[in-house]
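One structure is given below, encoded as structure tokens.
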Amino acid sequence: MLTKAQVRHCLDEITKMFPDAQCELTHRNPFELVIAVLLSAQCTDVLVNKVTKNLFKKYKKPEDYLAVSLEELQEDIRSIGLYRNKAKNIQKLCQSLIDEYGGEVPNTKSEMVKLAGVGQKTANVVASVAFGEPAIAVDTHVERVSKRLGICRWKDSVTQVEETLMKKVPREEWTATHHRLIFFGRYHCRARNPNCPDCPLLDICREGQKRMRKRL
DNA sequence: CTCCCGATAT
DNA sequence: ATATCAGGAG
């Protein structure tokens with residue numbers, strides 16, 4: 001486990017690499033963001049944006065998703081993968097927005113996670129990106145990077161990773177840090193072929209040193 | 001824990 | 001061929 005000063009060092013170096021990291025899911029309002037994040041499960045955001053480009057032309061409001069059959073919505077998002085669950089969740093979510101929230105996305109995480117298909121990670125993304133609430137959404141990249149660098153332990157759950165990051169990162173930096181860790185994981189500390197040779201954190205990264213020795 | 005699942009890079 | 005992708009529900 002890294003010390004607080006070492007974590008600070010990591011964040012500073014990652015900030016230098018990706019100073020302008022931000023949400024890469026295209027959206028124009030909180031509702032579109034919820035749909036985009038829900039669709040992004042186990043799928044690249046490049047592909048999500050390709051699908052939502054057409055999807056958001058056809059579906060503007062929660063009512064629009066309920067005006068078509070489940071089968072039609074499935075076809076409109078099929079290329080995303082996990083499309084049966086996602087289509088079903090979108091329609092349930094839209095019905096809840098209409099019935100419980102006046103057709104708007106609720107602005108608190110506790111209310112968001114009650115929506116179908118919205119878990120802790122999605123709620124954190126929407127709360128921070130759409131409503132400006134400090135949050136650290138732990139996705140596959142944040143989890144992998146945190147574990148490789150030693151910010152948290154390998155056996156930690158996503159909940160534990162989130163708690164550790166919130167403890168070790170100043171609240172006002174949560175959202176920016178969250179995006180920078182994603183960019184770092186997506187473009188540098190990649191799952192398959194991490195760029196350890198060019199990594200400024202190699203001196204404190206046990207995993208990177210191990211990979212260099214094994215020439216991974 | 002398993003299942004859901006197509007697109008893409010390796 | 002296979003691992004991976006801004007996870008969540010049962």
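Just so it is clear, the structure is predicted and the values come from calculations on it, not from any experiment. Reminder, nothing fancy here: chain letters follow the sequence lines and each chain counts from 1.
Inter-residue side-chain proximity for A:V48 and A:V37 is flagged as unmet; no heavy-atom pair is nearer than 4.5 Å.
Rounding to whole angstrom units, NZ of residue A:K109 and P of C:dG8 are separated by 13 Å. Spacing between atom CG of A:N89 and atom C1' of C:dG7 amounts to 11 Å, rounded to whole angstrom units. The separation between A:F18 atom CZ and C:dA6 atom P is 13 Å, rounded to whole Å. Distance CG (A:N124) to C1' (C:dA6): 12 Å, rounded to an integer number of Å. Atom-to-atom, NZ of A:K92 to P of C:dA9 comes out at 9 Å; the value is rounded to the nearest Å. One interatomic measurement links the two molecules: NZ of A:K86 to C1' of B:dG6, which rounds to 9 Å at whole-angstrom precision. A:H141 has its NE2 atom 6 Å from the C1' atom of C:dA6, to the nearest Å.
With values rounded to the nearest 0.5 angstrom, A:I136 atom CD1 is found 5.0 Å from A:L165 atom CG. If you take CG on A:L82 and NZ on A:K88, they are separated by 12.0 Å, rounding to the nearest 0.5 Å.
Remark: the A:E133 side chain and the A:N124 side chain contain no N/O donor-acceptor pair separated by less than 3.5 Å. For the residue pair A:D76/A:Y83, the side-chain donor-acceptor check at 3.5 Å is not satisfied. For A:S40 and A:D45, the side-chain atoms include no donor-acceptor pair closer than 3.5 Å.
Ionic pairing of A:E173 and A:R8 is present here: one or more N-O contacts between side-chain nitrogen and carboxylate oxygen are shorter than 4.0 angstrom. Salt bridge status for A:R186 with A:E24: present, with a side-chain N to carboxylate O gap under 4.0 Å. Looking at A:R144 and A:E207, no side-chain N of the basic residue comes within less than 4.0 Å of a carboxylate O on the acidic one, giving no salt bridge.
Take the nearest nucleotide of DNA chain B for A:R190 and for A:N85: the residue whose nucleotide is more 5' is A:N85. If you find the closest nucleotide of DNA chain C to A:V118 and to A:K121, the one lying nearer the 5' end belongs to A:K121.
Residue A:R186 places at least one side-chain N or O under 4.0 Å from the OP1 or OP2 atom of C:dA6. Side-chain N/O atoms of A:T140 include none lying less than 4.0 angstrom from OP1 or OP2 on C:dA6. Phosphate contact (OP1/OP2 of C:dC5, side-chain N/O of A:R144, threshold under 4.0 Å): present.
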Steps toward ring pair (Phe, Tyr, Trp, His ring centres under 6.0 Å) verdict (A:F31, A:Y65): CA-CA 12 Å; A:F31 178 58; A:Y65 289 95; 5.8 Å; yes
Between A:K167 and A:E163, does the salt bridge (charged side-chain N to carboxylate O under 4.0 Å, His left out) criterion hold? Intermediate values first, please. CA-CA 6 Å; A:K167 196 182 302 178; A:E163 288 173 358; over 6 Å; no
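Listed in residue order, the members of residues 150-161 of chain A having a heavy atom less than 4.0 Å from DNA chain C come to none. The stretch residues 23-52 of chain A touches DNA chain B through A:Q42, A:L47, A:K50, each having a heavy atom under 4.0 angstrom from the strand. Residues from residues 74-84 of chain A with heavy atoms under 4.0 angstrom of DNA chain B, sorted by number: A:R78, A:S79, A:G81, A:L82, A:Y83, A:R84.
Taking the six-membered ring where tryptophan is involved, the planes of A:H188 and A:F184 are essentially parallel, since the angle between them stays under 30° and well short of 60°.
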